[in-house]
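Working notes for the structure below.
Values below: all heavy atoms of this structure, side chains included; hydrogens, waters and symmetry mates excluded. Just so you know, these numbers come straight off a predicted model, no measurement behind them.
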Amino acid sequence: MAEVTKALIFTYGTLKRGHGNHYLIEDLICKKDAIFMGAHVTHQPHPLVIGPYGIPYLINLPGHGHRVKGELYSVSTRGLARLDELEGISIGHYERLPIQVYEEDHKGDALVAAEAYFAHRSFGERLWEKKGKVGLNEFGEEDGKGYVSKNERPQGSNIINELTSFCNNPS
């Protein structure tokens, strides 16, 4: 029997349509492990910044930054495991946390409880500070052109070490 447990996942970066990691969402949709639920926006402002390799990070600092535009997907437990792997949950790259969103066209009428992949707490706030506390309201097409996929990064690179170095570098 197919698993029917679903989670609502708000995507704001490379998992969105037209971006570098959307292939995974497309694969999940083909395998009936995800359903596109439409364009959504965060209810509260959150910082959205771009880090090393053009990777977008939503920072868990509600009330700072902007309301962020993205996409909502209903994802099976099996699909969620694949997303968690891509987002590096087990290595402390991202953490999946609750967030409230609303349909972009409905201006906050009906809030939806979902989850999103936030920059891990070990570096998120420092990354926001390093970026001058200036963020985006959307990871757009031009932003996506700066994204470097895992297989295009230098061999042996470690994103956690590079984020730590980036956040700690005073310049």
Side-chain angles (χ1 to χ4, degrees), residues 3 5-16 19-25 27-28 33-37 40-102 111-139 143-144 146-150 153 157-169:
E3 196 166 342
T5 305
K6 299 280 185 179
L8 293 175
I9 300 296
F10 176 72
T11 65
Y12 56 85
T14 64
L15 287 168
K16 292 191 319 179
H19 288 278
N21 288 325
H22 188 69
Y23 69 89
L24 177 54
I25 295 284
D27 188 54
L28 295 178
D33 283 319
I35 300 169
F36 177 65
M37 305 298 289
H40 282 67
V41 179
T42 60
H43 173 61
Q44 289 188 298
H46 283 78
L48 173 61
V49 298
I50 299 174
Y53 299 116
I55 300 171
Y57 294 96
L58 194 62
I59 314 290
N60 191 22
L61 291 171
H64 298 274
H66 304 279
R67 287 191 168 97
V68 176
K69 295 179 181 183
E71 299 171 353
L72 190 68
Y73 293 88
S74 176
V75 181
S76 72
T77 302
R78 183 173 53 198
L80 204 54
R82 290 185 62 199
L83 290 174
D84 285 354
E85 181 181 347
L86 175 80
E87 300 293 11
I89 295 291
S90 65
I91 63 168
H93 189 205
Y94 286 91
E95 51 190 338
R96 187 166 28 92
L97 300 170
I99 192 166
Q100 288 192 317
V101 297
Y102 60 87
L111 295 181
V112 177
E115 293 179 297
Y117 290 96
F118 287 87
H120 194 273
R121 69 190 77 198
S122 65
F123 67 86
E125 192 167 347
R126 287 183 298 143
L127 182 59
W128 172 236
E129 291 167 0
K130 178 72 175 182
K131 299 299 276 187
K133 297 185 178 182
V134 175
L136 307 169
N137 72 335
E138 182 174 23
F139 185 76
D143 302 308
Y147 174 69
V148 179
S149 66
K150 289 179 185 178
R153 296 176 199 154
S157 66
N158 178 307
I159 191 62
I160 303 303
N161 291 342
E162 292 182 41
L163 277 163
T164 301
S165 177
F166 178 79
C167 289
N168 292 339
N169 186 341

From [atom1] ([X]) to [atom2] ([Y]), nearest 0.5 Å:
{"X": "S74", "Y": "L28", "atom1": "OG", "atom2": "CG", "value": "11.0 Å"}
{"X": "N168", "Y": "R126", "atom1": "CG", "atom2": "CZ", "value": "5.0 Å"}
{"X": "L72", "Y": "E115", "atom1": "CG", "atom2": "CD", "value": "11.0 Å"}

Tell me the closest heavy-atom pair linking [X] and [Y], and the distance in Å.
{"X": "K130", "Y": "C167", "value": "CD-O, 4.3 Å"}
{"X": "Q44", "Y": "P62", "value": "OE1-CB, 3.3 Å"}
{"X": "T42", "Y": "Y102", "value": "O-CE2, 3.7 Å"}
{"X": "G92", "Y": "I160", "value": "O-CD1, 3.6 Å"}
{"X": "A119", "Y": "Y94", "value": "N-CD2, 3.9 Å"}
{"X": "H93", "Y": "I159", "value": "NE2-CG1, 3.6 Å"}

For K69, all residues meeting salt bridge (Lys or Arg N to Asp or Glu O under 4.0 Å), sequence neighbours excluded: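 Counting only residues at least two positions away or on another chain, K69 forms a salt bridge (Lys or Arg N to Asp or Glu O under 4.0 Å) with E104.
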
Output all residues satisfying salt bridge (Lys or Arg N to Asp or Glu O under 4.0 Å) with D84, sequence neighbours left out; order by chain, then residue number.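 D84 satisfies salt bridge (Lys or Arg N to Asp or Glu O under 4.0 Å) with R96 once adjacent residues are dropped.
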
Name all pairs fulfilling the side-chain hydrogen bond (donor to acceptor under 3.5 Å, both in side chains) condition that reach into residues 157-166, sequence neighbours left out, sorted by first residue then second.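 Every pair satisfying side-chain hydrogen bond (donor to acceptor under 3.5 Å, both in side chains) with a residue in residues 157-166: Y53-E162.
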
Residue pairs, two or more places apart or on separate chains, that pass side-chain hydrogen bond (donor to acceptor under 3.5 Å, both in side chains) and touch residues 59-68: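 Every candidate side-chain hydrogen bond (donor to acceptor under 3.5 Å, both in side chains) pair involving residues 59-68 fails, so no pair, neighbours aside, qualifies.
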
With a 6.0 Å cut-off (strictly less than), is the heavy-atom count around CD of E85, excluding the residue itself, greater than 12?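 Result for CD/E85: open.
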
Holding to ring-ring contact (aromatic ring centres under 6.0 Å, His included), I want the full list of residues that pass it with H120, two or more places apart in sequence or in another chain.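 H120: no ring-ring contact (aromatic ring centres under 6.0 Å, His included) contacts found.
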
Between K133 and P47, is there a donor-acceptor pair closer than 3.5 Å when you use the side chain of the first and the backbone of the second?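 Side chain of K133 to backbone of P47: no pair is present.
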
Could you check whether any side-chain N or O of R153 sits under 3.5 Å from a backbone N or O of V148, counting only pairs where one atom can act as donor and the other as acceptor?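 At least one qualifying donor-acceptor pair exists.
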
Using the side chain to side chain contact (heavy atoms under 4.5 Å, CB included) rule, take L83 and I89 through it: C-alpha gap first, then chi angles, then the decisive distance, then the call. CA-CA 9 Å; L83 290 174; I89 295 291; over 6 Å; no

Take F118 and I99, measure what side chain to side chain contact (heavy atoms under 4.5 Å, CB included) needs, and give me the verdict at the end. CA-CA 10 Å; F118 287 87; I99 192 166; 3.8 Å; yes

Table please: side-chain donor-acceptor pairs of residues 8-16 below 3.5 Å, with sequence neighbours left out.
| from | atom 1 | to | atom 2 | distance (Å) |
| --- | --- | --- | --- | --- |
| T11 | OG1 | E71 | O | 3.2 |
| Y12 | OH | L58 | N | 3.2 |
| Y12 | OH | Y117 | O | 2.5 |
| T14 | OG1 | N21 | ND2 | 2.9 |
| K16 | NZ | F139 | O | 2.9 |

Going through the checks in order, is the side chain to side chain contact (heavy atoms under 4.5 Å, CB included) test met by L127 and F166? CA-CA 8 Å; L127 182 59; F166 178 79; 3.6 Å; yes

Does a salt bridge link D27 with R82, judged by any charged N lying under 4.0 Å from a carboxylate O?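 R82 and D27: salt-bridged.
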
Would you please classify the geometry between the H22 ring and the Y73 ring as parallel, tilted or perpendicular, with 30° and 60° separating the classes?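 Ring orientation, 0 to 90° scale: tilted.
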
